[in-house]
A.B. asks: 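Before we start, here is the structure in question, set down as structure tokens.
Below, each value reflects all heavy atoms present in this structure, side chains not excepted, and no hydrogens, waters or symmetry copies. Numbered from 1 within each chain, the chains take letters A, B, ... in sequence-line order.
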There are 2 protein chains.
Amino acid sequence: MEPTAPSAADALFRALGDPTRRALFERLAQSELTVRALTDGAGISQPAVSKHLAVLKGAGLVLDRPQGRETHYRANPRGLAPLLDWMRLHENLWADSFDRLEDLLKRMDQ
Amino acid sequence: MEPTAPSAADALFRALGDPTRRALFERLAQSELTVRALTDGAGISQPAVSKHLAVLKGAGLVLDRPQGRETHYRANPRGLAPLLDWMRLHENLWADSFDRLEDLLKRMDQ
DNA sequence: GATTCGAATAACCAATTGGTTATGAGTCCC
DNA sequence: GGGACTCATAACCAATTGGTTATTCGAATC
């Protein structure tokens, strides 16, 4: 019900500010993947991927699920909520025709 | 009508990734301000503010209006559109209850 | 027209950051 | 238990970045 803390948007924007990191998030938004699977095709080393995942996790954008020796990562469905919250702060920027935006955003809150 | 280019989201996320820069944008989202007015209360030097404004302008987030010796900056109402475009790419992340999201976002396109 | 003011640019610097290789701590499999 | 595999962390490095002061240029003011 209450809006996301201001600092949450900070971490989120910073986390998504890096293209490589955002690409990882976009892959995770489609399916759960292990660190190995993410590393293959990422074009960077496995430790680099792990560091990016730590940042994404810190921003609440991804969730991890350790299983045996591998860790499965997936996007957190509620992770992008602070971004929508932030947008609501600037609702007045949008054209008046988007008056349904507020209703929509309210449904994100609970 | 056509979705924003992928690179647009890149510039936007990077521009908003810095807290100081986002604070400047948030002030401009409420009213048009000169560089001087922005500098007062920003806690950083005027050249620093000018550099941040250049980045925001490059990302399409603000518009400038030179007038005499001062430059007036204001938020670009269409500047955040790429962010909504990007969100549509991850629509599947959101809970099914937000099925009106697509309709809403479509209205951003024209 | 001399001076002050507003903004952008240049030159520079310290801190942050995104990457690397090396290593360590668990887990699976023979 | 020995070896291969997965992931995280440590240590380090080059590049980027956000800040500074100095300077320049154009516009307002006296």
A.B. asks: Roughly, in whole Å, what's the span from CZ in A:R21 to C1' in C:dG19?
C.D. replies: 12 Å
A.B. asks: Within less than 4.0 Å of OP1 or OP2 of D:dT17, is there a side-chain N or O belonging to B:R14?
C.D. replies: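 Yes, because at least one side-chain N or O of B:R14 sits under 4.0 Å from OP1 or OP2 of D:dT17.
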A.B. asks: Can A:Q67 and A:T71 be said to form a side chain to side chain donor-acceptor pair (under 3.5 Å), step by step?
C.D. replies: CA-CA 6 Å; A:Q67 182 184 29; A:T71 308; over 6 Å; no
A.B. asks: For the helix from C:dG1-D:dC30 to C:dC30-D:dG1, figure out the bend between the end axes, five pairs an end, and round to 10 degrees.
C.D. replies: 20°
A.B. asks: Taking only N/O atoms, report every protein-nucleotides 4-9 of chain D pair under 3.5 Å with atom names and distance.
C.D. replies:
| residue | atom | partner | partner atom | Å |
| --- | --- | --- | --- | --- |
| D:dC5 | O2 | A:R69 | NH1 | 3.1 |
| D:dT6 | OP2 | A:R36 | NE | 3.2 |
| D:dC7 | OP1 | A:V35 | N | 3.2 |
| D:dC7 | OP1 | A:T71 | N | 3.2 |
| D:dC7 | OP2 | A:R36 | N | 2.5 |
| D:dC7 | O3' | A:T71 | OG1 | 3.3 |
| D:dA8 | OP1 | A:Y73 | OH | 2.7 |
| D:dA8 | OP2 | A:S50 | OG | 2.7 |
| D:dA8 | N7 | A:Q46 | NE2 | 2.8 |
| D:dA8 | N6 | A:Q46 | OE1 | 3.4 |

A.B. asks: What is the distance, to the nearest angstrom, from the CG atom on B:L16 to the P atom on D:dG18?
C.D. replies: 12 Å
A.B. asks: Let me know which of B:L61, B:L38, B:D64 forms a side chain to side chain contact (heavy atoms under 4.5 Å, CB included) with B:L53.
C.D. replies: B:L38
A.B. asks: So does B:S45 get a side-chain nitrogen or oxygen closer than 4.0 Å to the phosphate oxygens (OP1/OP2) of D:dG19?
C.D. replies: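 No, outside the criterion.
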A.B. asks: Can you find a heavy atom in the side chain of B:R27 that is under 4.5 Å from one in the side chain of B:L33?
C.D. replies: yes
A.B. asks: Nearest whole Å is fine: how far is C:dT9 P from B:K57 NZ?
C.D. replies: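 That distance rounds to 9 Å.
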A.B. asks: Does B:L56 form a side chain to side chain contact (heavy atoms under 4.5 Å, CB included) with B:R21? I'd like the steps, not just the answer.
C.D. replies: CA-CA 8 Å; B:L56 289 171; B:R21 203 152 45 219; 3.5 Å; yes
A.B. asks: With a 4.5 Å limit on heavy-atom distance, are the side chains of B:M87 and A:L84 in contact?
C.D. replies: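 Of all side-chain heavy-atom pairs linking A:L84 with B:M87, at least one is under 4.5 Å.
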A.B. asks: What orientation do A:W86 and A:F13 show, parallel under 30°, tilted 30 to 60°, or perpendicular over 60°?
C.D. replies: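 Ring orientation of A:W86 relative to A:F13: perpendicular.
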A.B. asks: Are A:L16 and A:I44 connected into the same hydrophobic cluster when the rule is that any two of I, L, V, M, F, W, Y join if their side-chain heavy atoms are below 4.5 Å apart?
C.D. replies: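 Yes; tracing contacts between hydrophobic side chains, which count when under 4.5 Å, links both residues.
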A.B. asks: Can you check the B:D18 CG to C:dA15 P distance for me, whole Å?
C.D. replies: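 Checked: the CG to P distance equals 17 Å.
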A.B. asks: Starting from C1' on D:dG18, measure out to CD1 on B:I44 and report it in whole angstrom.
C.D. replies: 8 Å
A.B. asks: Could you give me the CA-CA distance, side-chain angles and deciding distance for A:R22 and B:D10, then say whether salt bridge (charged side-chain N to carboxylate O under 4.0 Å, His left out) is met?
C.D. replies: CA-CA 9 Å; A:R22 199 166 63 258; B:D10 272 55; 2.4 Å; yes
